[in-house]
Amino acid sequence: MGKRASFGGRLGVLLVAAGSAVGLGNIWRFPCELGQNGGGAFLLIYLVCAVVIGLPIMLAEFSLGRMGQSNVVGTFRRVSGTNKYRWIGYAGVLCALLIMGFYGVVCGWTLDYVYQAVAHGFSSMTAEELSQSFKDFSVQPVRPVLWMILFLTINCVVVFLGVKEGIERTSKVLMPLLLLLVIVMCVRSVTLPGGSEGLRFLFEPDFSKLTPQVVLNAMGQAFFSLSLGMGCMTTYGSYIGKDINLGHSVLQVTILDTMVSILSAVAIFPVVFAMGINPSSGPELAFITLPNVFNQIPGGYIWAILFFLLLSIAALTSAISLLEVITAFVSEELKISRKKSAVYATVLIMILGVFASLSLGVWSEYKIFGFSFFEFLDDVTARFVMPLTGLSISWFVAWKVGRKRLEKELTNGHTIRAKYFAVFLFLLKYVTPLAIILVFLNQTIDFF
Ligand code: PHE
């Protein structure tokens, strides 16, 4: 194998990693979770999780990946020098596959909304009609599946072509634009009459809503949104140049990702209350509230097209990182060409995706533990697989890699300072694992 590809420079790393982190998780999943978990209290716990669990694990994953210079399974082998810890890598690859199973479906929805925005706009529709139209669409057997297949094909082509040329370049232009657009929508949304109730829901934590379940969900959301606990940041870490300050990059990615989540919630909840939509609605929340905002903005037709286009792109940069985890694994471990690996992985994802999409409509009577297959994939990955794999990764990096090697990696071979190192190691060794375990224990006790 030739020289391993790498991202170009600090900005490249930031945008590619933020491209992975910022996605449907922020604009679609975060508001939905917030709404279902009682608002402000969830937000607060989410922020605690992002700092106490997210930051250390992302740093651990980046340094692990850059040390290992391989896919997520290969990295564990190379860094430890044995095959003993490979299973953590396998869990990551499996998790990437399961996430893509439902993520691809939602990615398909975003494309359909681009199409709808172009074809007729949303301006003639009332809140009621918007909500009905989403419900009618998502349960159809064919249309969402076709959009999903189209999206996954584009995704495959980008990964096929290599991450650097395609994605790094596009991200540099489009991510800032998305941020700008979300800000515009926030401003319009908070100035809607009746919107202040939405802000209160968001920023006034009601601690009576704080159950062990809510805490588990917030932790899951932090893992999901920051793309942690499944080898994505480990794989990306292996493409990061040896001269990059990993600590800085991690901080920037986390701040950016959290900002987009909060801004999305600020764009969505005032509308929810102003229009009398139920805040705890499910996956449809973003898709029915945001078109309502466009209706209130002059030139809404254009804004809507632009927004859904950018949302698809944000989704694409995340989907690419998920596919990259699987592709790098298949091609490096099974010695299959990169292109073939990307295609095989995509076909597998499409099959899962068909099941997930149909589970919302024609197959909705088939349930797994009371969940549709779509919800099951979403729930099981974010709430269990990611935190548990994340726990294993942090355990491995904190206890098996060794302080010296870790410090060397984070200081780029002692050429830069990492003043935070002692704090980081303390968090990673004790606080982060303990926090994850406590959340699970708390949940289990509640269960019985
Ligand atoms: N973080 C992405 C989002 O918020 C989803 C994702 C999860 C991407 C895991 C990669 C790995 O949409």
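Both ligands and their constituent atoms are indexed starting at 1 by order of listing.
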Between ligand 1 and the protein, find all N/O pairs closer than 3.5 Å and give the distance for each.
| from | atom 1 | to | atom 2 | distance (Å) |
| --- | --- | --- | --- | --- |
| ligand 1 | 1 (N) | Ser20 | O | 3.2 |
| ligand 1 | 1 (N) | Ala21 | O | 3.0 |
| ligand 1 | 1 (N) | Phe224 | O | 2.9 |
| ligand 1 | 1 (N) | Ser225 | O | 3.0 |
| ligand 1 | 1 (N) | Ser227 | OG | 3.0 |
| ligand 1 | 4 (O) | Ala21 | O | 2.8 |
| ligand 1 | 4 (O) | Gly25 | N | 3.3 |
| ligand 1 | 4 (O) | Asn26 | OD1 | 3.4 |
| ligand 1 | 12 (O) | Leu24 | N | 3.1 |
| ligand 1 | 12 (O) | Gly25 | N | 2.8 |
| ligand 1 | 12 (O) | Tyr103 | OH | 2.4 |

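A salt bridge does not link Arg383 with Glu33: none of the charged nitrogens is closer than 4.0 Å to a carboxylate oxygen. A salt bridge links Arg338 with Glu324: at least one charged nitrogen is closer than 4.0 Å to a carboxylate oxygen.
For Phe76 and Phe396, the ring centers sit closer than 6.0 Å to each other.
Each side chain to side chain donor-acceptor pair (under 3.5 Å) pair with one or both residues in residues 52-62, not counting sequence neighbours, appears once here: Glu61-Thr234.
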List the steps, then state whether ring pair (Phe, Tyr, Trp, His ring centres under 6.0 Å) holds for Phe308 with Tyr113. CA-CA 6 Å; Phe308 282 111; Tyr113 269 66; 5.3 Å; yes

Ring pair (Phe, Tyr, Trp, His ring centres under 6.0 Å), that's the test. Do Trp399 and Tyr430 meet it? Break it down for me. CA-CA 10 Å; Trp399 298 96; Tyr430 307 104; 5.8 Å; yes

